[in-house]
Amino acid sequence: MFGQSIWKEDKGVTCLHAQNHQIVVHVDGSAFGYLDATSFGGLPRDSGGRWLMSFYREAKITDNLKVELLANLNGLKFSPQNTNATNLTFESWFNRICSFGFRSLSFATRVSLSLFQWRLVSPDGHVVVACFSLPRDLSSPSRVLLGYYLLPHSPNSLTQRKAASSAAIMLHNKSFVKKTKGGKVMKQVREHYLRDDIYCGAPFCTVCDSSSARLSASPSTILVVDTNVVLNQIDLLENPAIDDVVVLSIVLEEVKNKNMSVYNRMRSICSNSMRRFFVFSNEYHRDTYVKEMSGETKNDRNDRAIRVATQWYQNHLGGAVKVLLITNDKENKRKASEEGIFAETVESYVKSLDRPDLLDLLVRPASEDVDMEEVEDLRPSKRKVIYSEHKPMSEVTSGLHRGIYHQGKLRVNRYNPFEAYVGSESIGDEIIIYGRSNMNRAFDGDIVAIELLPQEQWQEVSSLSIAGEDDEDEGDGVHLAPNSADNASRTIPQLGSSGQVNAVSSRPSGRIVGIIKRNWHSYCGSLEPMPLPAGSGGIAHALFVSKDRRIPKIRIQTRQLENLSDKRIIVAVDSWDRQSRYPSGHYVRTIGEIGDRETETEVVLIENDINTRPFSSQVLACLPPLPWSVSSEDLSNPIRQDLRRLRVFSVDPPGCKDIDDALHCHTLPNGNFEVGVHIADVTNFVHPDTPLDDEAAQRGTSVYLVERRIDMLPKPLTEDICSLRSDVERLAFSVIWEMTPEADIISTRYTKTVIKSSAALSYVEAQARMDDSRLMDPITADLRNMNSLAKKMRLRRIERGALTLASAEVKFQIDTETHDPLDIGMYQIREANQMVEEFMLAANVSVAQQILKSFPLCSLLRRHPTPTREMLEPLLRTAAAVGLHLDVTSSKALADSLDHAVGDDPYFNKLIRILATRCMTQAVYFCSGDLSPPEYHHYGLAAPLYTHFTSPIRRYADVIVHRLLAASLGISKLPSVFQDRLQLTSVADNLNYRHRNAQYAGRASVELHTLIYFRKRPTDTEGRIVKIRSNGFFVFVPKYGIEGPVYLTKAEKGSGEWYVDEQQQKIKKIDGSLSYSVLQTVQIHMEVVEPQPNRPKLQLTLI
Amino acid sequence: MEYVSPEGLRLDGRRPMEMRQIRAEIGAVSKADGSAIFEMGNTKVIAAVYGPREVQNKSQQINSHALVRCEYSMANFSTGDRMRKSKGDRRSTEISLVIRQTMEACIMTHLLPRSQIDIYVQVLQADGGTRSACINAATLALADAGIPMRDLVTSCSAGYLNSTPLLDLNYVEDSAGGPDVTLGILPKLDKVTLLQMDSKLPIDILENVMQLAIEGCKAIANYIREILLENTKQLEYRRGV
């Protein structure tokens, strides 16, 4: 390229001659093996052979090769400076044909950068330059170079199938010291390859490969963000207004170590194709990797790496764009400015954008807190320390080691935010924490370190702290009656704000001394009403009240108070000082008007982490082409049995579109019955490791709200392809039993089938057919046969000890136009429901046995833990008060005593069952390898094994079970997820989480609609007292399925005139004139009141 | 844990299909008939071959074939914590056997009846993939000793982490607990002489991973051939031909 030619001159000396516009630099160095006699020199000549300059140096190096290299290096340094040359060829002892071309600016900077590095990395690091001067015909000396070398054309050592260009890679060993678990200090050495095939991600860059470019085509500025910006201002970065951001890998690394959730959010921004965020792996780029200097801390080194990378970007992209380093670290900013890098703080950058709404997203630095405090609390001497200091991490760890502190996850009582629990493994019990000051700024879900209080304080503290927080408590609102212990309040909630204390507290209580891991995220709620500040449009300080009562109020700053005051908004928490009563946070976004049904529904969905986004195009691409019908291939498939001629029908709630189960029953010649349960063959369409499957696994379950349904699978699958509608051929996965008329199962068969349902009945229709004795058609006959079988199966199940539990489910009638509720009533359960349920249970149990037999370690099962005596305590107390003895020694005993609990009115038994249901936890999914077989037990169903198989359209667990069953029959392969127990466990955990959230959301939706319903209709109705408290009682209204407090005294006054009889569960007036006891019927008035504007709540009062 | 970043870089900066730096040197032990040092990144092994020579223990002599013996050991200083390992522990015995069988498959033992070939391999520095490095070193040493072989045996490992097939696992990736496929092939003959895997892997993924390992083996074979050529040239030069 540079046209070198070797001329042979007279005396037999070969010498390199420069051609036009070229300069040849002759260099040489020599060492004699001792320090003083080492020197090198050189002289550049132009094409005419003229000496342009010369240089000479002495060096304290004893190695010939290194001296030669040093000569080259100095040649490189001096020649361009003094000769203005752009085209240099070097000649020295070992590199006869080594050339340098300063082709472009970028190449020139690269060289100078290396020189810069050489100076930094000396004394041994100077060989970096060898990378550029290593000649092609010299292979062995490269080994001398102490670990830095350029691969001399090394396609052989790399399999480069994809990359067209062979990447030059430098090898370098990173060594660090690490402390092992055993406490030994060990030196670790890791390889670290530096590459030159990492691209800058700008599409306009001429040097880099732009196929993976993410930044926009002509940005005005490119932002490089510092770690502290990502950690603190993630909400700002998530806003689409911020774009063209380069995220360095070192920044991601630091973020990952500090806060995993921010890291995940950052990663999802970077992978979002709509956003222009580019991840630059600066740690592996050979020009931006920096080595830790002696005496430099890790943090300083990383800051320097960020600056070096920013500088590289500026040089690399030239003057076309401005590269701006965004950092809130003062020191880093100062150094950056010194090095000639543009740097700004987040605040000044956002201000320069001129977008006031973005300013609200900013997290304030802690120093501004002072004046906020003054604005808000006008009372004097407010700047005092409210909370005790968190212990430093080292102290916490050593405390945990020595057993002084206990570690656990904080769970705040849903019904009383001043009470929290920490399940501690170290003492094997739950520790109760009373009051905000003992909770010491911890949030629900935080991992905390607790110190136990002395035993005599276990009592005292609780009364003190609750009384102290009087001004904050708002009292319990009216809620939907809970239907399991998971969503009932954990202990007895304190009614209203009376200072009374529970009489018994044998459980240890403690206080939080340190927070090991924060669980801060964003919360839904609204601003506490406050007068607009004088100059509207200016900055206002407001208090945010979360909808989730477990979260304390959050202080925020906003410039749009006027807009936000009647809106539901999302707010994120930033910090919580010792001096401030409330944490401070910042506004994230607005959802909509308070009280609006759609807004409130969205709040419910957001609070329960339910994904309502439409399915992405990748997911929809996985669907079979529509219109879909059973193909001849399906019919000819040997694994699929053709049952189209069989009389199959389905029984579902009215209006059900996602029909995932159908049944058949016919008499066999030997007098036995063949009963089949046919379940939609969802796994025929949802294949493992497709986007569709991933999405379904993530969603976990369909969510049923009062007026809408959020599907787990896209609509075509849910309502058409998989739905076992009548008169169409559908694919199914069937469980077929042969049963005696006594409902004993003789044989079980599992197979994939094709069915054609002959009728899609509703429960009401099915019931009507069975009851109408005139009807004799085949379907009705089948229904009757099945019903009699189901009754026998049910009886047998109850004999085994299955509990008939009850919950107060309500049903709304919704106006089709306005979607407002028209009527509510209890959900009625008919025989037909029970019949279908019975066969589904049986199918689930059979499938559970089959899959566990084939895959004892990786089956997905469902278990229901046996409730502890402590959990049943409230039930026993209530029962004892009405003179009822319940035997809770086993599920059988409990079932029997529930059967015998008949009171004087028809509803009594159901009420007791409802109370019993509330004491139990919910059933959970688990991976069979994680527990031992006795723990597989399902308490409520009294079944040793249980799983979910029958609703694959709306539950992902069933999809997994379908795959397991198919694999156990040899129909398909077992997907890879089952080979990894940890992964399966995490899938099960996610399913439990989603399932629980779907239930919460469903209940919250019902609560919301109840409120809307009663807004226009104040009602008088009958209620039952379920819990007695010191100043009133909780009333359960069976007709509407709701439960709420009725106050006998005004909240402000004490409970002087009433006293509680714990033993009898009664509340009496001091003079004995009036008394209320548990389970007593009372008449109440229900009305929606608005104690504060825009905060409607349902109030119950005694008539 | 994230072993491959979304940018497609591994923990040490390699891409999934890249090998570590390899380096080989022939003639490390002058007393031996053939010897070599082989490095794959920070894994460094030395191999020495003695033979073909007279069978030391006559009872083991085979009249039709040569007797191949192999001893694998790890230097006490080869891992981070200096540990004294008893000779002949279960792991070394197994690896010795694996190497012996792999090498036996390519040595033309029928040409050397009633003789014995000893292969000694020692790990000087361990950073994952010692088995492969040992086999590669042994191949070079055998070639150096001038023992007739059908082909060079080369070996390379591949794994499967974060749903990505990875070539040439280092220690960190190896201890992730994922599948680790060690493959040995005769590159010219396209035959597999060694295939080992810990843990489980679906068959279709195994094929991908194996394919990757095969390519790794072939790249190593090219390098080894170059080294041998270079060595031969130097021998030629020294003889003054």
Side-chain angles (χ1 to χ4, degrees), chain A residues 139-140 142-143 147 149 151 154-163 167 169-174 178 180 182 184 186-195 197-199 201 212 247 249 252-253 256 263 267 270-271 278-281 283-286 289 689 973-976 978-980 982, chain B residues 2 5-25 40-43 79-82 125 127-128 156 160 163 167-168 170-172 177-179 199-205 211-227 230 234:
Chain A
S139 51
S140 53
S142 62
R143 282 193 220 121
Y149 45 83
L151 289 179
S154 54
N156 49 0
S157 70
L158 293 171
T159 44
Q160 292 243 327
R161 295 201 297 185
K162 296 277 162 67
I169 294 188
M170 285 194 284
L171 171 70
H172 154 64
N173 277 328
K174 227 171 29 173
K178 193 179 165 187
T180 60
K184 254 198 287 183
M186 270 182 36
K187 187 185 169 199
Q188 307 262 335
V189 178
R190 300 256 181 280
E191 282 177 288
H192 193 89
Y193 289 86
L194 303 178
R195 348 183 29 111
D197 64 342
I198 291 173
Y199 304 122
S212 60
V247 186
S249 59
L252 280 175
E253 187 73 14
K256 192 176 177 183
Y263 173 76
R267 270 287 178 203
C270 293
S271 60
F278 179 75
V279 181
F280 179 69
S281 306
E283 287 295 282
Y284 299 110
H285 193 290
R286 79 172 173 197
Y289 175 76
D689 299 327
K973 281 191 299 183
L974 199 63
S976 56
F978 298 104
Q979 282 151 19
D980 186 347
L982 282 180
Chain B
E2 201 176 62
S5 74
E7 286 72 50
L9 292 176
R10 295 205 236 164
L11 294 175
D12 57 4
R14 286 183 288 156
R15 294 194 192 277
M17 294 184 180
E18 286 173 355
M19 266 186 348
R20 289 176 283 179
Q21 198 93 258
I22 52 177
R23 193 180 81 82
E25 199 182 313
M40 300 172 87
N42 278 344
T43 297
T79 50
D81 44 344
R82 195 189 149 92
Q125 187 170 290
D127 187 30
C156 188
Y160 189 73
S163 312
L167 186 64
D168 192 14
N170 66 20
Y171 177 73
V172 181
S199 112
K200 287 178 278 185
L201 202 58
I203 191 83
D204 45 340
I205 294 172
Q211 193 53 45
L212 187 65
I214 288 175
E215 287 190 35
C217 290
K218 288 194 172 159
I220 291 176
N222 286 338
Y223 180 73
I224 286 185
R225 206 158 274 133
E226 232 170 76
I227 291 289
E230 181 77 14
Q234 286 206 359

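No experiment lies behind these values; they were computed from the predicted model shown. Labels below follow one simple rule: chain letters A, B, ... track the order of the sequence lines, proteins then strands, and each chain is numbered from 1.
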#### Entry: From A/Arg190 atom CZ to B/Asp127 atom CG, the distance as rounded to the nearest 0.5 Å
7.0 Å
### Query
So, B/Glu7 and A/Arg267, do they make that salt bridge, N to O below 4.0 Å?
yes
### Task
To the nearest 0.5 Å, tell me how far A/Glu283 CD sits from B/Ser5 OG.
12.0 Å
### Query
Closest heavy-atom contact between A/Glu191 and B/Asp12?
O-CB, 3.2 Å
### Summary
Output for pair (B/Ser163 OG, A/Asp689 CG), nearest 0.5 Å, gives 7.0 Å
### Task
Answer whether the closest heavy-atom distance between the side chains of B/Leu9 and A/Arg195 falls below 4.5 Å.
yes
### Query
Non-hydrogen atoms of chain A under 4.5 Å away: do they reach the side chain of B/Arg10, the backbone, both or neither?
backbone
### Query
Does any non-hydrogen side-chain atom of A/Asp197 lie less than 4.5 Å from one of B/Arg15?
yes
### Minimum-distance pair of heavy atoms, taken over all atoms of A/Tyr193 and B/Gln21
OH-N, 2.8 Å
#### Entry: CZ/A/Phe978: more than 12 non-hydrogen atoms of other groups inside 6.0 Å
yes
